[in-house]
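Scope of the values below: all heavy atoms of this structure, side chains included, with no hydrogens, waters or symmetry mates. Here the structure is a predicted model, which means the values were calculated and not measured.
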Amino acid sequence: MVVSSEEGTDKIRKVVGFGYWVQGFRCFPWMAVNFFLKDGLRVDSSTLQLLQNSANLPMVAKPLYGVVSDAVYIRGQHRIPYIAFGAFLQAVSWLAIAILSESGISIGTMTLYLLLSNLGASIAEVANDAIVAEAGKQSKSSKNSQPSSSGELQSFFWMASAMGGVLGFLLAGLSIDRFSPQKMFLFYGLLLTVQFFLSIFVQESSLDLHKRTADVGIQEKFTELLVALREPEIAYSITWFAASYAIIPALTGTMFFYQTQYLNIDSSVLGISKVFGQVAMLLWSVIYNRYLKSVTPRKLISAIQVTMAVFMVSDVLFVNRIYRNYMGVPDNFYVVMFSGLSEVLFFIKILPFSILIAKLCPRGCEGSLMAFVMSAIAVAFIVSGYLGVVLASYVGVKGNDFSGFPLALLIQALLTLLPLYWSSCIPDDVKSKTSRKKK
């Protein structure tokens, strides 16, 4: 069956877009996990943050999943089967958590299933990212493609993920006080089951992706990945980007406990706050695609890094109660308007960077290189989370004692500005591999 480029792109938008939407909706059960751990299993803020970051360990092996999906075809397909398998692992994990937590579940058992869930999510994300990178590169090499199409697929799927996040956080905020966490876990498990069955009925040939001309083994794919990573533009960019996250001690667990346990912020307010942040991500994809694509990656990513530091300083004023006591700003208003935005700033700069790497990526290793990038970011987030636990302990944050929290936030803001001194590692003028080869 011959599929036109337009039909293939339309099918990719539907199939992969739904996958990104489902992954964006992961915030729905994860918000329930936070409250279940805090209220059901009575863990403290440090344990919560350690568990959150440890559960992301499967993300570290993303390059392996990428190389395997690049090299190993299952019945002539090398992307869709991995999406289906990832959905299957996630569905099993969340359904098991829903069933076991009804009768009582230990932290160890829950961590095990969360690890399995994130393993499935990692595999599905790698396959989705590879399809996007592959389709985007194919559209650039097409004679009928327009220059304006660069980055449009990435922006579309970013929007799909953000829309999933908007609905996920909105429903989570409304459901926490109305339904048990177990029912929320069950709902997401059933949604993943639907994705699994939809995926197994999709033929990859309908996506009009690049076909390999000969069998390529895993070793050859690893070699291609290593060759790509030896290119200075790619190596320096990934190193700087990962370091720009790893150097920042994450204090999300501490902030969650401060808002819910110390300030007694209602779960619905937190949900609305997260929704506000996801809407900002959605708008960001539109704004970037329309107005900011011409801005060099270095300038754009550096500007976002500075904005992150500004929001952290704002959190210092919030925790010191300056907004409330001297400006009359209610805690609920600040949480809704700024807390969600502060969190999504960590993810907003991924969009321009992923488009940068897609341009630099050599043809044939889209899956493995994009997976390596996501793996490096995952490692950076894990290191950041562990550093946040160390920093919170160092300043004396424990139980209901948050007196050292402002100092921790100030240190966090200063460390966020540090990577700007080496921002020259991000290339300023980027041309895709395809255009460079043509020259």
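The number of heavy atoms from other shown groups lying within 6.0 Å of OH (Tyr386) is above 12. Heavy-atom neighbours of Met163 CE from other residues, nucleotides or ligands within 6.0 Å: at or below the threshold of 12.
Of all heavy-atom pairs spanning Ile83 and Ala127, the tightest one is CG1-CB, 3.5 Å. Shown here for Pro63 and Phe372, the closest heavy-atom pair between the two residues is CG-CA, 3.5 Å. Heavy atoms only, all atoms of each residue included: Leu345 and Ile304 are closest at O-CG2, 3.9 Å. Taking every heavy atom of both residues into account, Ala378 and Met59 meet most closely at CB-CB, 3.2 Å. Here the shortest heavy-atom pairing between Ala242 and Ala380 reads O-CB, 3.1 Å. The two atoms that bring Gln261 and Asn264 nearest to each other are O-OD1, 3.4 Å, heavy atoms only.
Proximity of Asp331 to Val269: side-chain heavy atoms (C-beta onward) are nowhere separated by under 4.5 Å. Met255 has its side chain within reach of Asp315: a pair of non-hydrogen atoms, C-beta onward, lies under 4.5 Å apart. Side-chain atoms of Trp94 and Leu190, non-hydrogen and from C-beta on, never get closer than 4.5 Å to each other. With a 4.5 Å cut-off on side-chain heavy atoms, Leu391 and Val397 do not count as touching. Using a 4.5 Å heavy-atom threshold, the side chains of Val383 and Ile247 count as separate. Two residues are said to be in side-chain contact when any heavy atoms from C-beta on lie closer than 4.5 Å; Tyr188 and Val22 meet this criterion. Between Leu51 and Leu114 the shortest side-chain heavy-atom distance falls below 4.5 Å. Using a 4.5 Å cut-off on side-chain heavy atoms (C-beta onward), Pro249 and Val390 make no contact.
Expressed to the nearest 0.5 Å, how far CG of Asn320 lies from CG of Leu410 amounts to 9.5 Å. To the nearest 0.5 Å, atoms CG (Leu341) and CD1 (Ile348) are separated by 7.5 Å. Annotation: the span from Phe257 atom CZ to Leu251 atom CG amounts to 14.0 Å, rounded to 0.5 Å. In this structure, CZ in Phe85 is found 5.0 Å from CD1 in Ile123, a value given to the nearest 0.5 Å. Between Leu191 atom CG and Gln90 atom CD the span is 10.0 Å, to the nearest 0.5 Å. Note that CG of Leu409 and OG1 of Thr416 are 10.0 Å apart. Values are rounded to the nearest 0.5 Å.
Listed by chain and number, the residues in a ring pair (Phe, Tyr, Trp, His ring centres under 6.0 Å) with Tyr113 amount to none (sequence neighbours excluded). Remark: Phe196 engages Phe88 in a ring pair (Phe, Tyr, Trp, His ring centres under 6.0 Å) (not counting sequence neighbours). Phe157 pairs by the ring pair (Phe, Tyr, Trp, His ring centres under 6.0 Å) definition with Tyr20, not counting sequence neighbours. Every ring pair (Phe, Tyr, Trp, His ring centres under 6.0 Å) that Tyr334 has, sequence neighbours left out, goes to Phe318, Tyr323, Phe338.
Aromatic pair Tyr236/Phe241: ring centres not closer than 6.0 Å.
The ring-ring contact (aromatic ring centres under 6.0 Å, His included) with Phe347 is formed by just one residue from the set Trp284, Phe381, Phe353; it is Phe381.
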Return a table of donor-acceptor pairs under 3.5 angstrom between the side chains of residues 25-34 and protein atoms on other chains or two or more places apart.
residue: Arg26; atom: NH1; partner: Glu125; partner atom: OE2; Å: 3.3
residue: Arg26; atom: NH2; partner: Asn118; partner atom: OD1; Å: 2.4
residue: Asn34; atom: OD1; partner: Gln52; partner atom: NE2; Å: 2.8

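Looking at Gln49, its side chain does come within 3.5 Å of a backbone N or O of Gly385 through a donor-acceptor pair. In this structure, the side chain of Ser237 does not engage the main chain of Ile234 through any donor-acceptor pair within 3.5 Å. Without hydrogens or angle criteria, Arg298 side chain to Ile426 main chain gives a donor-acceptor distance under 3.5 Å. Between the side chain of Ser384 and the backbone N or O of Ala246 there is no donor-acceptor pair closer than 3.5 Å. Panel note: side chain Asn56, backbone Pro58; no donor-acceptor pair is recorded below 3.5 Å. Of the possible donor and acceptor atoms, one in the side chain of Trp240 sits under 3.5 Å from a partner among the backbone N and O of Pro419. At least one donor-acceptor pair closer than 3.5 Å links the side chain of Ser54 to the backbone N or O of Leu50. Between the side chain of Thr47 and the backbone N or O of Val43 there is no donor-acceptor pair closer than 3.5 Å. At distances below 3.5 Å, at least one donor-acceptor pair connects side-chain atoms of Ser273 with backbone N or O atoms of Gly340.
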Verdict with supporting geometry, Lys398 and Asp44, salt bridge (charged side-chain N to carboxylate O under 4.0 Å, His left out): CA-CA 8 Å; Lys398 56 183 177 180; Asp44 57 25; over 6 Å; no

Steps toward side chain to side chain contact (heavy atoms under 4.5 Å, CB included) verdict (Leu418, Leu414): CA-CA 7 Å; Leu418 193 58; Leu414 292 174; over 6 Å; no

Residues Tyr82, Val126; criterion side chain to side chain contact (heavy atoms under 4.5 Å, CB included); working and verdict: CA-CA 9 Å; Tyr82 295 97; Val126 165; over 6 Å; no

Evaluation steps, side chain to side chain contact (heavy atoms under 4.5 Å, CB included), between Gln305 and Leu420: CA-CA 8 Å; Gln305 196 81 6; Leu420 295 176; 3.9 Å; yes

Test log, rule side chain to side chain contact (heavy atoms under 4.5 Å, CB included), inputs Gln278 and Val344: CA-CA 7 Å; Gln278 292 297 312; Val344 301; 4.1 Å; yes

Evaluation steps, side-chain hydrogen bond (donor to acceptor under 3.5 Å, both in side chains), between Ser268 and Asp266: CA-CA 5 Å; Ser268 61; Asp266 190 76; 2.5 Å; yes

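Among pairs with a residue in residues 241-260, those fulfilling side chain to side chain donor-acceptor pair (under 3.5 Å) read Ser244-Lys349, Gln259-Ser339, at least two apart in sequence or across chains.
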